[in-house]
Amino acid sequence: VEGTTVADVELGHFRLFFEKQYGEPLNEEALPLLRLLKNLNLAKDSTLNLAGLLLFGSNPQRYRPAFIVKAVSFVGNDPAGDKFRDSEDIRGCLKDLHLGTMSFILRNLHRIQKQKGFNVEGELEVPSAAIEELVVNMLLHRDYFISAPWRVMLFDDRIELISPGALPNNLTIEHVKNGVSNMRNPLIASFATKELPYRGIGTGIRRALAAIPNLVLDSNHDWNTFTVQIPRPKFLGEAGES
């Protein structure tokens with residue numbers, strides 16, 4: 001990423017990663033940061049690569065302004081509608097994007113009381129573990145050659161997670177549903193197993209489908225997008241909305 005330097009690394013974040021990964025504090029006197037980043041394939045010469053910037057950059061959007069999550073919670077079911085309940089442009093490194101996106105979605109979901117007592121918090125209308133799998137999938141498997149944001153849109157009847165880039169090569173929706181994966185960004189994904197709730201074994205979509213059987217997946221090669229559509233329960237008021 002042209003223009004970046006070691007100064008663009010969020011050192012506190014990288015120190016925590018290093019200590020957790022290697023079991024010892026980072027010692028820049030013994031091993032300068034730039035050399036370490038090069039050894040980890042996060043930099044070349046004196047410049048961060050995209051993985052280094054997105055994983056540990058203090059402000060990745062300074063150099064890649066399109067790599068944000070644009071999140072909107074609409075009133076109604078029309079993406080062309082002009083009324084919304086909540087809106088946020090989520091910025092930061094991949095860990096920040098994950099946390100910010102999860103926070104946005106969860107705060108805009110309903111909790112359903114069902115048969116629980118008054119003093120017991122209701123259950124989320126959509127399982128949070130499934131949402132987390134799908135958000136991580138959205139962030140990691142996009143096409144980074146496309147200069148476009150991720151989009152998260154909540155409607156009254158559904159949630160849509162839209163990632164730039166259709167499925168690569170010969171991968172199909174049926175392949176994805178059956179656990180077949182084709183890692184588009186292997187370096188980023190390899191570090192994500194240490195930074196995000198991600199295993200990297202290609203079963204995230206299958207786990208999400210087990211929790212949400214009516215999940216809808218769409219790979220659109222004309223628009224060059226991959227969309228996950230999560231249906232929301234109907235008649236929340238009758239179900240005991242809290």
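Every heavy atom of this structure was used, including side-chain atoms; hydrogens, water molecules and symmetry mates were not. We're numbering straight along the sequence, starting at 1.
Formation of a donor-acceptor pair under 3.5 Å by the Arg232 side chain with backbone atoms of Leu109 is not found in this model. With hydrogens and angles disregarded, no donor-acceptor distance shorter than 3.5 Å links the side chain of Asp8 to the backbone of Gly57. Checked by atom type and distance alone, the side chain of Asn224 pairs as donor or acceptor with a backbone atom of Ala166 at under 3.5 Å. In this structure, the side chain of Gln229 does not engage the main chain of Val216 through any donor-acceptor pair within 3.5 Å. For the pair Asn77 (side chain) and Phe155 (backbone), a donor-acceptor distance under 3.5 Å is absent. Although no hydrogens or angles enter the test, the distance criterion places a donor-acceptor pair under 3.5 Å between the side chain of Asn49 and the main chain of Asn41.
With salt bridges taken as basic N to acidic carboxylate O contacts below 4.0 Å, none links Lys95 and Glu10. Salt bridge Arg15/Glu28: present, at least one basic N to carboxylate O contact under 4.0 Å. Taking the charged nitrogens against the carboxylate oxygens, Asp78 and Lys83 have no contact shorter than 4.0 Å, which rules out a salt bridge.
Classification of the Phe14-Phe56 ring pair by plane angle, with boundaries at 30° and 60°, yields perpendicular. Between Trp150 and Phe67, the ring planes lie tilted relative to each other; the angle falls in the 30° to 60° range.
Side chains of His98 and Pro197 form a contact here, defined as non-hydrogen atoms less than 4.5 Å apart. For the pair Leu31/Asn27, no side-chain contact is recorded, criterion being any heavy-atom separation below 4.5 Å from C-beta on. Side chains of Ile162 and Val152 form no contact here, defined as non-hydrogen atoms less than 4.5 Å apart. No side-chain heavy atom of Phe74 sits under 4.5 Å from any side-chain heavy atom of Asn108. The closest side-chain heavy-atom distance from Ser46 to Thr5 is not below 4.5 Å. Tyr198 places none of its side-chain heavy atoms less than 4.5 Å from the side chain of Leu139. Contact of the Leu42 side chain with the Val9 side chain is not registered, since no non-hydrogen atoms from C-beta on lie closer than 4.5 Å.
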Open item on the list: Would Arg64 and Leu50 count as a side chain to side chain contact (heavy atoms under 4.5 Å, CB included) here? Give the steps.
Closed with: CA-CA 9 Å; Arg64 291 292 184 268; Leu50 187 62; 4.1 Å; yes
- [ ] Please assess Leu161 against Asn137 for the test side chain to side chain contact (heavy atoms under 4.5 Å, CB included), listing each intermediate value before the final yes or no.
- [x] CA-CA 10 Å; Leu161 309 178; Asn137 184 81; over 6 Å; no
TODO: Go through Met153 and Arg158 one step at a time and tell me if the side chain to side chain contact (heavy atoms under 4.5 Å, CB included) criterion holds.
DONE: CA-CA 8 Å; Met153 298 189 289; Arg158 69 193 186 280; over 6 Å; no
TODO: Output, in order, the C-alpha distance, side-chain angles, deciding distance and verdict of side chain to side chain contact (heavy atoms under 4.5 Å, CB included) for Glu195 and His13.
DONE: CA-CA 10 Å; Glu195 287 287 290; His13 181 182; 2.5 Å; yes
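How far OG1 of Thr227 is from CE of Met138: 11.0 Å, rounded to the nearest 0.5 Å. In this structure, the separation between OG1 on Thr193 and CD1 on Ile188 is 12.5 Å, given to the nearest 0.5 Å. Between the OH atom in Tyr144 and the NE2 atom in His141 there is a gap of 10.0 Å [rounded to 0.5 Å]. Here Ile68 contributes atom CD1 and Asp96 contributes atom CG; the two are 13.5 Å apart, rounded to the nearest 0.5 Å. With values rounded to the nearest 0.5 angstrom, Gln61 atom CD is found 7.0 Å from Arg91 atom CZ. Rounding to the nearest 0.5 Å gives a distance of 13.5 Å between CZ of Phe191 and CG of Asn185.
Across Leu167 and Thr172, no two heavy atoms sit closer than the pair CD1-C, 3.6 Å. Here the closest non-hydrogen pair linking Gly165 and Ile146 is N-CD1, 3.6 Å.
Within a 6.0 Å sphere centred on NZ of Lys44, heavy atoms belonging to other residues, nucleotides or ligands number 12 at most.
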